[in-house]
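Note sheet for the following structure.
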Amino acid sequence: QVQLVESGGGSVQAGGALRLSCAASGYGFSMLSRYCMGWFRQAPGKEREGVAAMHDDGSRSYADSVKGRFTISKDTAKNPLYLEMNNLKPEDTAIYYCAARSITWTKICSSDYLREDAYWGQGTQVTVSS
């Protein structure tokens, strides 16, 4: 089992910034395994959407709506995972979730890959006011 705990959410005005963190732990989260990790968000009445994903090899992918504003990164090989969010907009308001799934070097780490089968955190609320 892998446990994921998000933190760093809050309320900001449009144009502001926040940094989300995701701490991973558990027997299944081994430094010997490779992981695809990422961030999703879900706004009221909407489906959960992928925001960003990052492979252990350093490759990253982003949703078009956040490119140039959000940055996904890791402090060490896997733990913790960050999402730096700048120039926040009211439409960024959502619950943000961290996800993780083991992966091989040949697989592409993406939100689609995570959506198929991943461990999930409980989420952290981000509210952006205009």
Side-chain angles (χ1 to χ4, degrees):
Q1 286 292 332
V2 173
Q3 292 82 43
L4 303 172
V5 179
E6 303 95 336
S7 62
S11 297
V12 296
Q13 290 191 325
L18 284 172
R19 189 176 77 161
L20 305 183
S21 298
C22 174
S25 62
Y27 178 78
F29 199 74
S30 167
M31 293 297 290
L32 298 179
S33 300
R34 300 177 184 88
Y35 276 84
C36 170
M37 297 187 72
W39 292 94
F40 287 71
R41 66 186 181 187
Q42 187 165 19
K46 294 187 176 181
E47 293 186 353
R48 189 173 297 189
E49 64 169 342
V51 174
M54 184 171 181
H55 196 296
D56 271 352
D57 66 8
S59 59
R60 298 168 172 86
S61 63
Y62 296 93
D64 288 342
S65 59
V66 305
K67 282 181 181 177
R69 300 189 299 122
F70 290 12
T71 302
I72 188 172
S73 64
K74 296 176 186 174
D75 198 10
T76 56
K78 293 183 181 63
N79 206 10
L81 180 75
Y82 297 112
L83 184 68
E84 191 80 35
M85 305 185 295
N86 296 305
N87 190 22
L88 282 161
K89 304 175 181 180
E91 51 264 42
D92 294 319
T93 296
I95 299 175
Y96 283 70
Y97 298 90
C98 177
R101 181 184 178 189
S102 61
I103 194 170
T104 64
W105 286 122
T106 58
K107 288 282 190 180
I108 296 174
C109 174
S110 67
S111 294
D112 288 340
Y113 180 79
L114 288 167
R115 192 178 285 112
E116 289 175 3
D117 181 21
Y119 295 100
W120 295 90
Q122 292 188 325
T124 185
Q125 176 71 46
V126 171
T127 303
V128 185
S129 58
S130 57

**Asked** In terms of ring plane angle, is the pair F70 and Y96 parallel, tilted or perpendicular, where the classes change at 30° and 60°?
**Response** tilted

So, do [X] and [Y] sit near enough that their side-chain heavy atoms are less than 4.5 Å apart?
X	Y	result
M37	M54	no
W39	L81	yes
Y113	I108	no

**Message:** So if I apply the salt bridge (Lys or Arg N to Asp or Glu O under 4.0 Å) rule between D56 and each of K74, R34, R101, which one comes out positive?
**Reply:**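 Exactly one option meets the salt bridge (Lys or Arg N to Asp or Glu O under 4.0 Å) with D56, and it is K74.
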
**Message:** Whether D92 and R41 form a salt bridge (side-chain N of Lys/Arg under 4.0 Å from carboxylate O of Asp/Glu) is what I want to check.
**Reply:** yes

**Asked** Are a donor atom and an acceptor atom from the side chains of D112 and S110 found within less than 3.5 Å of each other?
**Response**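 There is no such pair (donor and acceptor under 3.5 Å, judged by atom type) between the side chains of D112 and S110.
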
**Request:** Using the ring of F40 (Phe, Tyr or Trp, six-membered ring only), decide whether R48 places NZ or CZ under 6.0 Å from its centre and within 45 degrees of its axis.
**Result:** no

**Prompt:** How far apart are the closest heavy atoms of A52 and L83, and which atoms are they?
**Reply:**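 In this case the closest contact between A52 and L83 is CB-CD1, 4.3 Å.
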
**Item:** Contact summary for A14 and P90, nearest pair of heavy atoms
**Value:**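 Minimum heavy-atom contact is CB-CD, 4.1 Å.
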
**Message:** Quick check on the hydrophobic clustering: are V51 and L20 connected, directly or via other members, by side-chain heavy-atom contacts under 4.5 Å?
**Reply:**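 Yes, V51 connects to L20 through the hydrophobic network.
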
**Request:** Return yes if some donor-acceptor pair links the side-chain N/O of Y97 with the main-chain N/O of E6 below 3.5 Å, else return no.
**Result:** no

